[in-house]
There are 2 protein chains.
Amino acid sequence: MGRPLRPRGKLLQEDARRHHRALLLQQLFRDGPASRADLARASGLTRVTVSDLVGEMLADGLVTELGAPAESRVGKPPTLVGLAVDSHHIIGLDLSETDRMSGAVVNLAGSVQARHEVHVDGAQGDEAVALVQHLVSELRAMAERPVLGIGVGSPGVVDTAGTVIDAPNLAWTDTPLAARLAEAFDLPVLVANDANTAVLGEHTFGESGDGGLMVLRVGTGVGAGFVLGGSLLHGHLGAAGEIGHVAVDPDGERCACSRTGCLETILSAPRLRRRVAAPGADGPAELAAVGTRLGEVLAPIVAALNLHEIVLSGPAELLDGPLLDAADRTIRERTMPISSTGLAVRTSKLGEDVVVVGAAVLVLAGELGVS
Amino acid sequence: MGRPLRPRGKLLQEDARRHHRALLLQQLFRDGPASRADLARASGLTRVTVSDLVGEMLADGLVTELGAPAESRVGKPPTLVGLAVDSHHIIGLDLSETDRMSGAVVNLAGSVQARHEVHVDGAQGDEAVALVQHLVSELRAMAERPVLGIGVGSPGVVDTAGTVIDAPNLAWTDTPLAARLAEAFDLPVLVANDANTAVLGEHTFGESGDGGLMVLRVGTGVGAGFVLGGSLLHGHLGAAGEIGHVAVDPDGERCACSRTGCLETILSAPRLRRRVAAPGADGPAELAAVGTRLGEVLAPIVAALNLHEIVLSGPAELLDGPLLDAADRTIRERTMPISSTGLAVRTSKLGEDVVVVGAAVLVLAGELGVS
DNA sequence: TTAGTTAGTTCAGCGCACTTACTTATCGCT
DNA sequence: AGCGATAAGTAAGTGCGCTGAACTAACTAA
């Protein structure tokens, strides 16, 4: 599943080695410590090769020997090796909030070691880039280990090279954010849309399976990210997941985007708050009404992609309850059992950290081949 | 784009060789004949390696030397090598029609060399499998070259192993079609849903670009297939593209699936025909009304996936015209410019052959790594 | 004729993972 | 306590696939 139809480029022996290294790291990452022999069995590589690769990774400090396991069986007891989750740290940024930029130092297990944030105060364009740089330097000073790289979840449309094509709030158009940060800090930098980093975070550190995953982020706006067949979906122009301005109600409110009845006009956090707080409004019923509308938008997507999970991320007091239930129900009413039986609709357990943690996953995947 | 986040398995040197072979074949397949030196430049491999690989492929008969090109430049004139499109043939089957099973002998360039079909006459279960086997033997006898493999576009849900999970018309449930045919004919067999083979056919032999592609097949039922990031989308349970029973109109007609207002109740070929032929009906207006409904279903999908192309496949007299125009218009009305500007909505030029040709692409991709 | 350019081949060498053979370490049985 | 069985890990040698450098072949330009 997900194997590209066409070969993508030349393949060196060096690539094979990196690939195998990543394979072992991945195993340790997902299933915890194991002996060299276990790794050999799991990967299909020989014990010899595994020993060699493990030796290399020990030298790099990426893994550590943990001694023999407690229970003993026949034969020589194995020496467990485990991922050294604090051997390196990763800097993850979340630029999706309108009033602040937040970031964190994250270890290889996705756990946040330190946080920092700066106020945007209307900074735009180059000034906003400078602010990002400031935030990174602060975080770098806070990191107590070598930094593996910088991951950024940015609002707007971001291309695969890490250039922000268009982010209205920060007045970024074709801003080569990754290149700028890479130059300033001499570290690998990976930038993606905030909903895309969120889906990566959920995919790797949430409780999600291996089927198709969609994360819907509800904040000031609405955006989504998809992991399909184990890969992040970018879309033709890098704009996959931009569903905030799909029309849900031709007779609805006028939207900032100049059209009417966009999803954002009913689903964004501020709109939802206003709606439930309106005089004489029945909160739960209002939320359910929005959930139903959301379900109508999601139903075609669920059927088309045969998704495994949909995760809502945002203010739990608004999303988790009547809104989610109504969306779930509507999706099931509007799709075939084959599409909906394998589907789970839930909220995220990662909370506000999805984006920074997902940004760290960008680096983990890019640098170590792990996710 | 589309690179899997996680490594997929052990990688042998042998795999690298196959990969590089495929890389060269792919180059010849897409851009036509080239010299060894051209191939080396395009692939990044050295001339030495390319010569070696080309030698191997010459021995296999997959490519042929074509002599020097007409125009002459400085230096030793190159010897062009080109894909030998008639060195092998592929058997492609289309089982999606209710009354017949059709198949074709296809060459490596996707051009149909011979056809054959058999009537279903209500055959079901094992009897239907026997009919497929009969069709294959006929086609095999018609093939004048070694057969590279058998590709099948089957109705219903098909898993990656080529087992038909569920195909009501043929009464197949968990029928291991690929395994049965592989055993009977001792050839590689690849089976996929008919909409999925159709999208492969369109992706490889249509005039489509490299962005996300959706093919919507309208026949007795409605189904879709997606190529995203260069890979066929399977979905969690292999049911991606099953959008025929998405509800479009809660007040609509009762559907065979026991729910109401499914897309198939307005969009299938028989329904469309009945609708335009109804006494007093305004044909074009009716078709446009259906197109609008279709656009409403597609809009969320377009926005979510940032598709590059949507191709409608089916009876042109129904689809190409008011229906397509209305769908196109509705999609644009209901999505942001960023989602819709890069999008083209059109009908297929491959006609009824999309499925068989796409089935051949399954084999091309699986056996030669070409698409 | 001579120099320059491009295509394609030959050859030695390198990196990687494999196989085979060995050492080390523990358990269960006599 | 001693011995065979079992398993983990190490060492040495083999084969495969790619590469760089050097070489031959064939042509153009001056």
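Numbered from 1 within each chain, the chains take letters A, B, ... in sequence-line order. What's counted below: heavy atoms across the whole structure, side chains too, no hydrogens, waters or symmetry copies.
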Exercise. Can you give one letter per nucleotide of nucleotides 14-24 of chain C, 5' to 3': B if a protein heavy atom sits under 4.0 Å from the base, S if only from the sugar-phosphate, - if neither?
Worked result: -BBSSBB---B
Considering only distance and modelled atom types, tabulate donor-acceptor pairs under 3.5 Å from the side chains of residues 56-66 of chain B, sequence neighbours left out.
from    : atom 1 : to      : atom 2 : distance (Å)
B/Glu56 : OE1    : B/Arg21 : NH1    : 3.1
B/Glu56 : OE2    : B/Arg17 : NE     : 3.2
B/Glu56 : OE2    : B/Arg17 : NH2    : 2.8
B/Asp60 : OD2    : B/Arg21 : NH1    : 3.0
B/Asp60 : OD2    : B/Arg21 : NH2    : 3.0
B/Glu65 : OE2    : B/Arg36 : NH1    : 3.2
B/Glu65 : OE2    : B/Arg36 : NH2    : 2.6

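Applying the ring-ring contact (aromatic ring centres under 6.0 Å, His included) test to every pair with at least one member in residues 21-41 of chain A, sequence neighbours left out, gives these pairs: A/Phe29-A/Phe205. Sorted by first and then second residue, the pairs that involve residues 177-189 of chain B and meet salt bridge (charged side-chain N to carboxylate O under 4.0 Å, His left out), not counting sequence neighbours, are B/Asp126-B/Arg180. Listed by first then second residue, pairs satisfying ring-ring contact (aromatic ring centres under 6.0 Å, His included) with a partner in residues 50-76 of chain B number zero, not counting sequence neighbours.
Among the protein residues, A/Arg41 comes within range of the sugar-phosphate backbone only, with heavy atoms under 4.0 Å from sugar or phosphate atoms but none that close to a base.
Contacts between residues 56-64 of chain B and DNA chain D, defined by a heavy-atom separation below 4.0 Å, involve no residue at all.
Nucleotides of DNA chain D lying under 4.0 Å from heavy atoms of chain B occupy a range whose first and last members, 5' to 3', are D/dG15 to D/dT28.
Among residues two or more places apart in sequence or in another chain, the salt bridge (Lys or Arg N to Asp or Glu O under 4.0 Å) test is passed with B/Asp38 by B/Arg41. Remark: B/Val112 pairs with B/Ala104, B/Val106, B/Arg115, B/Asp353, B/Val357 by the side-chain contact (heavy atoms from CB on, under 4.5 Å) rule, at least two apart or across chains. Applying the salt bridge (Lys or Arg N to Asp or Glu O under 4.0 Å) rule to B/Lys76 yields no partners; only residues at least two apart in sequence or on another chain are considered. By the salt bridge (Lys or Arg N to Asp or Glu O under 4.0 Å) test, A/Asp31 is found to be paired with no residue, residues two or more places apart in sequence or in another chain being considered. Evaluation of the salt bridge (Lys or Arg N to Asp or Glu O under 4.0 Å) rule for B/Asp86 yields no partner, not counting sequence neighbours.
Contact check, B/Ser35 against C/dG8: a side-chain N or O comes under 4.0 Å of OP1 or OP2.
Separating the CD1 atom in B/Ile90 from the CG atom in B/Leu139 is a distance of 13.0 Å, to the nearest 0.5 Å.
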